[in-house]
Amino acid sequence: MELQTHYRACNLCEAICGLTVTHQNGTVVSISGDPADPFSRGHICPKAVALKDIYEDPNRLRRPLKRVETHGEVSWHEIGWEQAFDEVAHRLHQVRTQHGPNSIGVYAGNPTVHNSGSFLSMPGFVRSIGTRTMFSASSVDQFPHHFAAWQLFGHPLLMPVPDIDNTDFWIIMGGNPIASNGSIMTAPDVATRLRAIQQRGGRVVVIDPRHTETAKRADEHQFIRPGTDVFLLLAMTQVLFAENLVNVGRLADVTDGIDTLREAVMPFSPETVATVTGVSASDIRRLTRELANTPRAALYGRVGVSTQEFGGLCLWLVNVLNLLTGHLDEPGGMLFTSPAIDALAARPGVPKSAYNKYNRFQSRVSGKPEFMGEIPVACLAEEAETPGPGQLRALVTSCGNPVLSTPNGRRVDEALAGLEFMVSVDIYLNETTRHADYILPPLTGLETANYDLTFHVLAIRNTARYSEPMVPKPEGAMYDWEIFENLRLRLSGTPREEWNLQNPAKTIDQGLRFGPYGQTGLSLDHLLANPHGIDLGPLRSQLPGRLQTPDHRINAAPALFLADLARAQTALGQQVIAETIAPDQPASTQLLLISRRHLRDNNSWMHNARVLVKGRNRCTLLIHPDDAARFGVTTGQPVRVRSRVGEIEIPADVSTEIMPGVVCMPHGYGHNRPGTRQDIAQQHAGASINDLTDEAFSDTLTGNAALNGVPVWVEGVV
Ligand SMILES: Nc1nc2c(c(=O)[nH]1)N[C@H]1C(S)=C(S)[C@@H](COP(=O)(O)OP(=O)(O)OC[C@H]3O[C@@H](n4cnc5c(=O)[nH]c(N)nc54)[C@H](O)[C@@H]3O)O[C@H]1N2
Ligand SMILES: Nc1nc2c(c(=O)[nH]1)N[C@H]1C(S)=C(S)[C@@H](COP(=O)(O)OP(=O)(O)OC[C@H]3O[C@@H](n4cnc5c(=O)[nH]c(N)nc54)[C@H](O)[C@@H]3O)O[C@H]1N2
Ligand code: SF4
Ligand SMILES: [Mo]
């Protein structure tokens with residue numbers, strides 16, 4: 001049999017690298033980088049090779065599973081799709097009739113944004129239920145980014161990305177792109193791009209409580225105490241005003257609120273924040289001057305500054321600093337993209353109204369604000385446990401593993417076990433889906449069509465690429481979108497003879513044709529004829545034209561942020577972050593817990609690929625030698641880590657890579673819960689960091705979980 005070659009974009013992380021896959025009638029022979037991809041130019045990372053493992057994984061579910069419980073014993077029965085759809089729709093309909101639509105929750109996990117099928121078909125399905133109880137991984141990730149984009153530029157999706165191919169000074173706060181391959185910054189082969197900055201005489205600075213893989217390649221690294229970035233950023237803004245370095249440039253004409261901002265940041269001199277942040281006043285001044293005085297410079301913040309107590313304020317200030325130094329919307333600074341499918345393009349004849357999806361309602365139990373039509377996922381367990389009208393009774397999960405990925409996973413675990421009904425659209429029987437009554441497994445990865453609706457919007461270069469399935473749809477298999485469409489049609493009560501499944505390929509084609517490049521002939525057919533993807537050129541300045549604020553202006557000091565500053569001011573006064581989280585524990589023995597990512601992990605779900613988990617155990621607790629000595633801990637020794645909500649055991653890894661007073665472990669481990677079906681992951685179980693993170697600890701402004709800077713106590717296990 002002849003070898004066939006298939007080109008597609010990798011769907012595993014935000015870098016969307018082009019792949020060359022060779023196969024023999026569907027049996028994968030090799031996976032390598034596609035040198036003809038104009039964006040990734042042949043780069044891949046080790047995870048891409050594991051697409052073969054996922055494709056062939058004997059543990060992967062291929063048929064719908066139905067849970068049957070007899071005398072407390074759970075068994076899973078394979079059933080046909082029609083039966084599964086009918087029964088799931090019937091059960092959801094029952095819950096809706098009995099308890100109302102909002103008693104059904106939906107959780108959309110991370111791979112949703114890597115899969116245009118589920119991304120485009122989920123909203124229709126959710127509408128057919130009629131629920132507003134929507135959760136997603138965004139509230140354990142990037143709500144602050146969306147919030148700041150909305151407040152400053154008028155729309156949550158209008159997030160600028162660092163123009164790293166043209167910058168000469170790049171400050172990275174709370175991101176580790178060498179491990180993560182970049183986020184809210186689609187930039188395949190970030191290592192080469194970073195080196196290029198240095199080769200043209202530029203500098204890269206990393207601000208992070210850990211001396212990360214990125215820090216090792218940078219020109220400068222500053223340790224910062226977890227959760228204190230807001231003070232550093234306030235002080236940097238203060239320095240700009242105090243030293244007359246403010247230079248908004250071209251955008252000055254459309255910017256308001258500068259004087260208000262000056263007044264708001266006045267109290268935060270570098271001296272007032274040096275102790276709490278761990279960054280010296282002179283370094284704060286020096287870095288601020290360098291940011292202001294380098295013509296092409298970008299300040300970039302990511303997960304570490306987003307998933308913390310002051311995430312919203314941090315992302316506001318990151319944008320403000322770029323704005324005040326004239327780096328916003330300028331080449332080499334932070335730029336907005338011009339994606340081929342542009343969700344923000346004005347629709348002819350439709351008047352523009354202000355984005356208003358914030359705090360239109362609050363979560364039932366703890367009163368958290370709705371944002372972007374979602375409730376923070378940290379509220380999921382309490383919504384399910386707390387009786388009363390509107391109690392969460394049923395849950396649909398898709399592409400998500402909240403038991404491992406959201407705070408206080410043990411509580412989430414129990415809450416899911418107590419639901420009346422749960423259905424999961426997922427490829428594995430894992431820590432979350434084991435609680436489902438039905439698991440509906442779609443095709444994934446190599447087997448699906450995909451257009452990166454989200455990542456083309458966040459890419460450092462405008463490109464477009466469509467991936468076709470490597471193989472025809474196997475007998476008895478379903479795509480994500482077919483699953484959601486089948487459920488939607490049943491739940492909306494559409495008569496069977498009128499059923500018409502909406503193929504997302506059509507939506508993508510329309511989006512391309514009516515998008516900014518449609519007039520030049522861009523369409524799905526065009527992308528199909530160019531399987532390596534097409535280049536649409538570098539990012540360009542686009543403001544004020546692209547602003548979505550009703551008045552077409554930028555308010556640098558929005559009221560919501562100013563009001564939230566009081567919270568930061570109180571914390572600074574006490575010089576203790578997160579103190580209220582465990583008042584019964586002595587602060588002197590407290591360490592602050594942060595997360596890390598490893599190149600060979602992908603959140604919680606790729607530990608069943610042997611190529612990725614082989615080698616040294618990566619699920620260890622980094623602890624500084626001073627702290628290790630204080631608590632009598634040595635490398636390799638198991639330690640008990642406790643927080644307000646729980647405890648875990650994990651081997652210690654004593655290292656100066658981590659800041660004193662801070663401990664660090666990866667997220668996505670903890671595969672030792674019973675009843676899962678992931679043989680290899682179970683052998684590399686590790687412990688779950690989210691058995692320690694605290695659902696009560698959040699950025700109260702945006703509702704995002706504070707997963708970093710969680711107070712913990714450590715002791716050696718004897
Ligand atoms: N290999 C791999 N790649 C991935 C993923 C994966 O799991 N594995 N996940 C993907 C996903 S979903 C995302 S969102 C992206 C995330 O991409 P990144 O944002 O690059 O995420 P991390 O690698 O977790 O880097 C976060 C950094 O923040 C630091 N940090 C923690 N707390 C603080 C703090 O308080 N202040 C500061 N300044 N820094 C802090 C951590 O030490 C860490 O180095 O990665 C994506 N890519
Ligand atoms: N402590 C701590 N917690 C964190 C983070 C952290 O840095 N620290 N990071 C947070 C971040 S940034 C994120 S994005 C979240 C991720 O949180 P989640 O999205 O909840 O978790 P994942 O581990 O990405 O789980 C993905 C699920 O999708 C399934 N899946 C994979 N491909 C497909 C597919 O094609 N179709 C379907 N239907 N299912 C599929 C997998 O089997 C798995 O069950 O975790 C967050 N949690
Ligand atoms: S960097 Fe991301 S997109 Fe590129 S090959 Fe690795 S996992 Fe895939
Ligand atoms: Mo994420």
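Since we're looking at a predicted model, the values are computed, not measured. Counting starts at 1 for both ligands and their atoms, in listed order.
Between T397 and V425 there is no side-chain heavy-atom pair separated by less than 4.5 Å.
For the pair D437 and K66, the salt-bridge criterion is not met [side-chain N within less than 4.0 Å of a carboxylate O]. Using a 4.0 Å cut-off between charged nitrogen and carboxylate oxygen, R677 and D57 do not count as a salt-bridge pair. The pair D452-R465 does not count as a salt bridge, with every side-chain nitrogen at least 4.0 angstrom from each carboxylate oxygen. The residues R302 and D141 are annotated as salt-bridged, a charged nitrogen and a carboxylate oxygen being separated by less than 4.0 angstrom.
Ring pair F484/F125: centre-to-centre distance below 6.0 Å. For H114 and F119, the ring centers sit 6.0 Å or farther from each other.
For atom 2 (Fe) of ligand 3, the neighbouring protein N/O/S atoms at less than 2.8 Å, given as residue and atom, are C13 SG.
A side-chain N or O of N450 and one of S116 form a donor-acceptor pair less than 3.5 Å apart. One side chain, T214 or N176, offers a donor N or O that lies under 3.5 Å from an acceptor on the other.
Contacts of ligand 2 (protein heavy-atom distance under 4.0 Å) are Y107, G109, N110, P111, N115, A137, V140, D141, C399, G400, N401, P402, S405, V425, D426, I427, Y428, N430, P442, T444, D480, S595, R597, N603, S604, W605, H667, I689, N690, L707.
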